[in-house]
Amino acid sequence: MTTLPDCDPLMIRTRFAPSPTGFLHVGGARTALFSWAYARRHGGRFVLRIEDTDLARSTPEAVQAILDGMDWLGLDHDEGPFYQTQRMPRYRAVIDDMLAAGSAYHCYMAADELERRREQQRAEGRKPRYDGYWRPAAGKTLPSPPAGVQPVVRFRNPDTGVVAWDDLVKGRIEIANSELDDLVIARADGTPTYNFCVVVDDWEMAITHVIRGDDHVNNTPRQINILQALGAQVPLYAHLSMILGDDGQKLSKRHGAVSVMQYDDDGYLPEALLNYLGRLGWSHGDDEIFSLQQFCAWFDLDHITPSAAQFNSEKLNWLNAHYLKRAETPRLEALVRRRLEARGVTPTATPSLAAIIELHQARVTTLNELADLAQVFYVDPQPKAELLAKHLTPETLALLGDFVDRLPDIPWEATAIGALIKESVARHGLRMPRLAMPIRVLLTGQEQTPSVDALMALFPRETVLRRLAVAA
RNA sequence: GUCCCCAUCGUCUAGAGGCCCAGGACACUACCCUUUCACGGUAGGUACCGGGGUUCGAAUCCCCGUGGGGACGCCA
């Protein structure tokens with residue numbers, strides 16, 4: 001069993017507790033980010049806990065995917081990862097204590113019988129709930145346990161009064177205990193269930209602020225009741241609303257819920273995703289662009305929006321383009337090189353990848369686009385026939401031929417190339433684009449490029465001569 | 001069905017009774033810059049879900065309605 005640390009009772013402790021049944025998606029990443037930032041902001045500790053009690057669905061690959069995602073984003077944890085499957089003896093012990101104390105009891109009702117009763121309650125328009133058949137009570141005689149049936153353990157939920165908490169995002173929430181039933185805390189096979197493990201862990205890991213998804217609001221009153229039965233300190237709760245897809249629909253496995261690592265593959269910078277996610281459902285006045293450090297210094301629970309937020313790819317794109325513009329060249333060079341090599345393109349020394357990046361980084365939205373543009377410098381493009389037809393008219397061909405003839409005689413740098421372009425164009429009495437466009441198309445296969453003189457200067461002279469000669 | 005949550009431009013949001021005939025950002029449109037396209041700059045249009053209250057005064061507080069979401073498992 002993993003040992004838990006002793007900790008300062010005044011220290012703020014938050015946690016991120018994913019269940020390893022898939023990758024880390026944007027919703028989970030934002031929950032992790034907020035939880036992490038809150039701990040960082042207050043000099044607290046951020047705990048990572050893997051909730052893998054569902055043996056059938058949890059996989060080591062998913063654990064790794066979550067770790068990879070957090071690593072890519074730079075969300076480091078101070079403690080853990082703790083695995084719930086490694087804490088079974090502890091849960092067992094707490095359940096035994098509760099059984100002994102009478103705050104939990106055995107229930108022998110068969111699963112199909114339970115389902116039958118739920119159906120009936122639903123049919124009668126009532127909320128389906130366990131009816132307390134096996135719950136001990138003063139003056140009540142329990143039936144004798146059926147032979148050969150392994151019982152589940154149920155928590156004895158208070159049946160009167162209300163459970164209330166001041167949610168740090170949503171405000172005060174009250175739920176009547178009469179709405180709750182005696183939930184199962186240990187299955188027939190003895191394994192503890194989610195709501196129970198969370199309670200024991202949050203308690204023993206001394207979590208002070210539970211920052212988690214909105215979908216847990218309904219679990220909160222049950223967890224508080226168990227915490228109180230255990231005599232544990234109840235943490236503060238902050239429930240984050242969910243993130244909807246680009247189309248306003250709920251994110252699901254088959255609908256837009258992509259792994260954060262997919263954003264890496266798609267050419268996004270982690271700081272762009274982080275900035276986007278940080279601003280989604282949280283605000284600091286009119287500030288739109290901020291670093292992780294700045295976010296940590298500003299982050300608070302008071303400015304979290306209680307309503308659901310729709311993911312907007314275009315704004316993410318804008319942020320990514322922003323960070324790309326400001327990124328250091330060596331960093332981009334490594335990132336682009338990796339992408340190029342994955343495509344089987346090996347950047348050579350001469351058209352300098354760094355120089356190519358500096359010329360193009362303000363023009364792209366993603367690293368992949370940057371790689372696309374860079375690739376053209378190393379692999380001869382095949383300009384589309386329609387582009388050639390459009391820009392290589394007899395008139396421009398004459399101009400181009402004249403220009404190419406003089407290319408070997410000038411110094412190979414942008415200023416001289418630019419001067420020759422202007423001079424050639426003037427001599428033929430044409431406008432600049434008449435020469436610039438054919439050069440763009442021949443050199444890159446594209447109509448849109450940076451200034452042609454700067455572009456040409458990046459290539460070795462021979463490459464330019466070769467690509468431009470194709471037309472002659 | 002029952003319970004819970006939510007509701008400002010297309011989207012993310014500012015706004016905690018007068019500063020708001022509602023501000024910022026993305027997107028959009030126009031213009032400028034310009035060797036094309038971007039980048040950058042400038043300008044512009046678009047929103048307080050509906051109805052009742054409370055108040056001298058409400059986007060802000062209360063109630064009802066409507067709409068959206070979540071939960072109701074021996075899943076997490």
Query raised in the report: Counting side-chain heavy atoms from C-beta on, which of B:A76, B:C4, B:C3 comes nearest to A:Glu179?
Result: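 Looking only at side-chain atoms, A:Glu179 lies closest to B:C3.
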Query raised in the report: What nucleotide, of B:C5, B:C39, B:A76, holds the atom closest to the side chain of A:Tyr194?
Result: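 From the listed options, B:A76 comes nearest.
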For [N] versus [M], give the span between their [atom1] atoms, rounded off to a whole number of Å.
N     : M     : atom1 : answer
B:G51 : B:A7  : C1'   : 15 Å
B:U35 : B:G44 : P     : 28 Å
B:U29 : B:G65 : P     : 43 Å
B:G45 : B:A71 : C1'   : 42 Å

Query raised in the report: Which nucleotides of nucleotides 42-48 of chain B have their base under 4.0 Å from a protein heavy atom (B), which only their sugar-phosphate (S), and which neither (-), written as one string 5' to 3'?
Result: -------
Requested in this report: Assign a letter to each nucleotide of nucleotides 61-73 of chain B from its 5' end: B, base within under 4.0 Å of a protein heavy atom; S, sugar-phosphate only; -, no contact.
Outcome: --------SBSBS
**Report entry** Qualifying residue, where the test is side-chain hydrogen bond (donor to acceptor under 3.5 Å, both in side chains) with A:Gln84 and the options are A:Thr191, A:Asp54, A:Asp52, A:Asp201
**Finding:**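 Per the side-chain hydrogen bond (donor to acceptor under 3.5 Å, both in side chains) rule, the option paired with A:Gln84 is A:Asp201, out of A:Thr191, A:Asp54, A:Asp52, A:Asp201.
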Provide the Watson-Crick or G-U wobble partner of [N], both distances under 3.5 Å; none if there is no partner.
N     : result
B:C21 : none
B:C28 : B:G44
B:U34 : none
B:G1  : B:C72

Query raised in the report: Which pair of non-hydrogen atoms, one from A:His239 and one from A:Gly213, has the smallest distance, and what is that distance?
Result: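 Closest pair (atom of A:His239, atom of A:Gly213, distance): CD2-O, 3.4 Å.
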Query raised in the report: So is A:Arg15 actually on top of A:Phe46's ring, under 6.0 Å and inside 45° of the axis?
Result: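 Negative - A:Arg15 is either too far from the ring of A:Phe46 or too far off its axis.
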